[in-house]
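What you are looking at is a predicted structure, and each value in this text was computed from that prediction instead of being measured. Values below: every heavy atom of this structure, side chains too, minus hydrogens, waters and symmetry copies. Below, chain A is the first sequence line, B the second, and so on; all start at residue 1.
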Amino acid sequence: MQRVSKETVSLTLYRRIFTISSSKLRALQLQQPEPTQIKQVHAHLILQGLDQCCYVVTKLIRMLTKLEAPMEPYSLLVFKQVKYPNPFLWTALIRGYAVQGPFFESVRLYNCMRREGIHPVSFTFSAMFKACGVVLDVILGRQVHAQTILMGGFASDLFVGNTMINMYIKCGFLDSARQVFDEMSHRDVVSWTELIVAYSKDGKMESAQDLFDEMPVKDMVVWTAIVTGYAQNASPREAIEFFEKMQAAGINTDEVTLVGVISACAQLGASKYANWIRDIAEKSGFGPEENVVVGSAFVDMYSKCGNAEEAYKVFEGMKERNVFSYSSMIVGFAMHGQARAAIELFYEMLKTDIKPNRVTFVGVLTACSHAGMVEQGQQIFATMEKCYSVAPTSDHYVCMADLLGRAGQLEEALELVKTMPMDPTGGVWGALLGASHIHGNPDIAEIAANHLFELEPNSIGNYILLSNIYASAGRWDDVSRVRKLMRKKKLKKNPGCSWVEGKKGVTHEFFAGDMTHPKSSEIRQALQDLIDRLKADGYQPKLSCVPYNVSDEEKKHVLMTHSEKLALAYGFLSTDADSTIKIMKNLRICEDCHVVMCGASKIMGRKIVVRDNTRFHHFLNGECSCGNFW
DNA sequence: CTAGGGTTAG
């Protein structure tokens, strides 16, 4: 009779046992194996005399680790019963603790192993680097690094090198990671990609780009990394440029690549790009229905491109939704002034088993704030930690200061800021300053602004806002004091700029007082005609929107040259009579322009959508979705 | 064993 080696038998057996047990797990829809099942498997091993076989026990421990079963008691138990564990078995246990914790057990076991004179394998070092990366212990990481060199040869092992790079990156030591990379005798795409991603996450796109250019062979993953890197670093045009290069190079794209590009399109906020990438996604079989991440990215993109209906359509059509999908949709509703829809969706979400997170609450609270729903917002804020164990961060205090302040409860807002449990951030004081602007309260504005000048000394917007608040109150001495401060700091005003989507997605850009457009005189005329019709309907220019101490005539003239008005007039001239006019502005839309937009939507019978620096205004029939509350 | 993914406020 032919003798079968023990390892071969055990491999077959291992397959049989584990196929059975994993199909059982699937049938029971369990995430983790039940203790009884583990016991059964172990009893089986003992019965077969395989509980001493390192190979089988190693496999068992690896499987348990993968299934996220706790290391104790079973993994540790089966390990302890093996009389002569080999380095692979030790390593499986060390890795298990590295992945699931407690981390110090990995270290203790590693030391035990060394004391017993067991020689580590390369895999052991990888496991240790993993552990160091998890707890960000770079000191231990460096010690293990030194040992890989002492042990001879391991430091130049490709896998050990890659895990070492990974550990240094996780700990934030990019230079050390780069040094390992530079000293490695063999590198693969993984080594390159790890570093490229690390550089781009650190905002160093030039370094990432340099490495990318040097790479001998580029695969889909690294192309995706560079596209996504640009998208994440607020360079959507570059992201799209590289995506197109990637396609031209004949590289496949998958849903991960698409997500990066979708995010870039969201940042551009133009329908043209939205339609373009949607088309590509559908054609390559990665529509928003199938994949949660793609779907959520599309929801966000459509919201940011001003297409709230399509965002919701995508959301509704998604087969699976998670906290990102809901949060994006809630934030989207809030952005478009649909506070009720946002809050309803939030409550709908609570009925599912998806748990809201910090971002979800930021979304709901801003929705409340934009709709002036103070009590509802306060109630949600009060329950977020108690009921959903999401501790409020300063972001949430920004929302609350905004909620109270916008609603005119400036004193309460100030009190909240003074008593909040962490140091108030620029955002919190900024919300208060903004509210003081809306409600014309120079005293509270002063308090907020003084904190802001400390926290954000170079942020021009704060100086302008304070100066405008003084101007509205007629305190011209204070105005010139702030102006002087700005001059001293050499801060330059960020010019107001608007652009409008014309036919075929072509956009036109206008600055305040802009006369450079070839059709300038026509635009002026169209705007004048519109204003005349509005005046006949009772419109009065809001002179208080001009923060200069000049004559009323001059103020009227300044108002007429605001970039969003020029964009509006051009929109009328250059788009079909039944289409929506889409305008974007880099700064907050001014009150006078807001009134004009309302009136224009009624008189001209057109839908107008304006995106200013934070949100969308939908004008229809003389009304705005923000309810004149923004 | 190691590399690429989406949501945040003034």
Peer 1: Heavy atoms only, 4.0 Å cut-off, all strands: where does V359(A) land among base, sugar-phosphate and nothing?
Peer 2: base
Peer 1: Using side chain to side chain donor-acceptor pair (under 3.5 Å) as the criterion, list what pairs up with R321(A), not counting sequence neighbours.
Peer 2: none
Peer 1: Please classify the nucleic acid contact of K201(A) as base, sugar-phosphate, or nothing, using heavy-atom distances under 4.0 Å.
Peer 2: sugar-phosphate
Peer 1: Considering only heavy atoms, which members of residues 127-138 of chain A lie under 4.0 Å from some atom of DNA chain B?
Peer 2: K130(A)
Peer 1: Applying ring-ring contact (aromatic ring centres under 6.0 Å, His included), can you list everything that pairs with F181(A), at least two apart in sequence or on another chain?
Peer 2: W192(A)
Peer 1: Report which part of the nucleic acid T614(A) touches: base, sugar-phosphate, or nothing (heavy-atom distance under 4.0 Å, all strands).
Peer 2: sugar-phosphate
Peer 1: Please name all residues satisfying ring-ring contact (aromatic ring centres under 6.0 Å, His included) with F79(A), sequence neighbours left out, ordered by chain then number.
Peer 2: W90(A)
Peer 1: Listed by chain and number, what are the ring-ring contact (aromatic ring centres under 6.0 Å, His included) partners of H370(A), not counting sequence neighbours?
Peer 2: none
Peer 1: What contact category does D395(A) fall into here, base, sugar-phosphate, or nothing, at under 4.0 angstrom with non-hydrogen atoms?
Peer 2: base
Peer 1: Checking side-chain hydrogen bond (donor to acceptor under 3.5 Å, both in side chains) for the pair T163(A)/N166(A): CA distance, chi angles, key distance, verdict?
Peer 2: CA-CA 5 Å; T163(A) 45; N166(A) 193 272; over 6 Å; no
Peer 1: With sugar-phosphate meaning primed atoms plus P, OP1 and OP2, does I226(A) contact a base, only sugar-phosphate, or nothing at under 4.0 Å between heavy atoms?
Peer 2: nothing
Peer 1: So, using side-chain contact (heavy atoms from CB on, under 4.5 Å) as the criterion, who are the partners of N613(A) when residues are at least two apart?
Peer 2: R588(A)
Peer 1: Taking side chain to side chain donor-acceptor pair (under 3.5 Å) as the test, write out the residues that go with D300(A), two or more places apart.
Peer 2: K304(A)
Peer 1: How is G426(A) classified with respect to the nucleic acid when contacts are heavy atoms under 4.0 Å: base, sugar-phosphate, or nothing?
Peer 2: base
Peer 1: Name the nucleic acid region contacted by G427(A), choosing base, sugar-phosphate or nothing; use a 4.0 angstrom heavy-atom cut-off, strictly under.
Peer 2: base
Peer 1: Can you pull out the residues from residues 292-299 of chain A that lie within a 4.0 Å heavy-atom distance of DNA chain B?
Peer 2: V292(A), V293(A), V294(A), S296(A)
Peer 1: My understanding is that only residues two or more places apart in sequence, or in another chain, count here; which of them pass side chain to side chain donor-acceptor pair (under 3.5 Å) with D213(A)?
Peer 2: Q209(A)
Peer 1: More than 12 foreign heavy atoms under 6.0 Å from CZ of R615(A): is that the case here?
Peer 2: yes
Peer 1: Within the 4.0 Å heavy-atom criterion, would you say Q232(A) contacts the bases, only the backbone, or no part of the nucleic acid?
Peer 2: sugar-phosphate
Peer 1: Contact class for S126(A) vs. all strands (heavy atom < 4.0 Å): base, sugar-phosphate, or nothing?
Peer 2: base
Peer 1: On DNA chain B, reading 5' to 3', which nucleotide is the first and which the last to sit with an atom under 4.0 Å from a heavy atom of chain A, could you check?
Peer 2: dC1(B) to dG10(B)
Peer 1: Only counting residues at least two apart or in another chain, list the ones meeting side-chain contact (heavy atoms from CB on, under 4.5 Å) with E344(A).
Peer 2: none
Peer 1: Categorize H437(A) for me: base, sugar-phosphate, or nothing, with a 4.0 angstrom heavy-atom threshold over every strand shown.
Peer 2: nothing
Peer 1: By the 4.0 Å heavy-atom rule, please label V221(A) as base, sugar-phosphate, or nothing.
Peer 2: base
Peer 1: Check ring-ring contact (aromatic ring centres under 6.0 Å, His included) between H396(A) and all other residues, then give those that pass, not counting sequence neighbours.
Peer 2: none
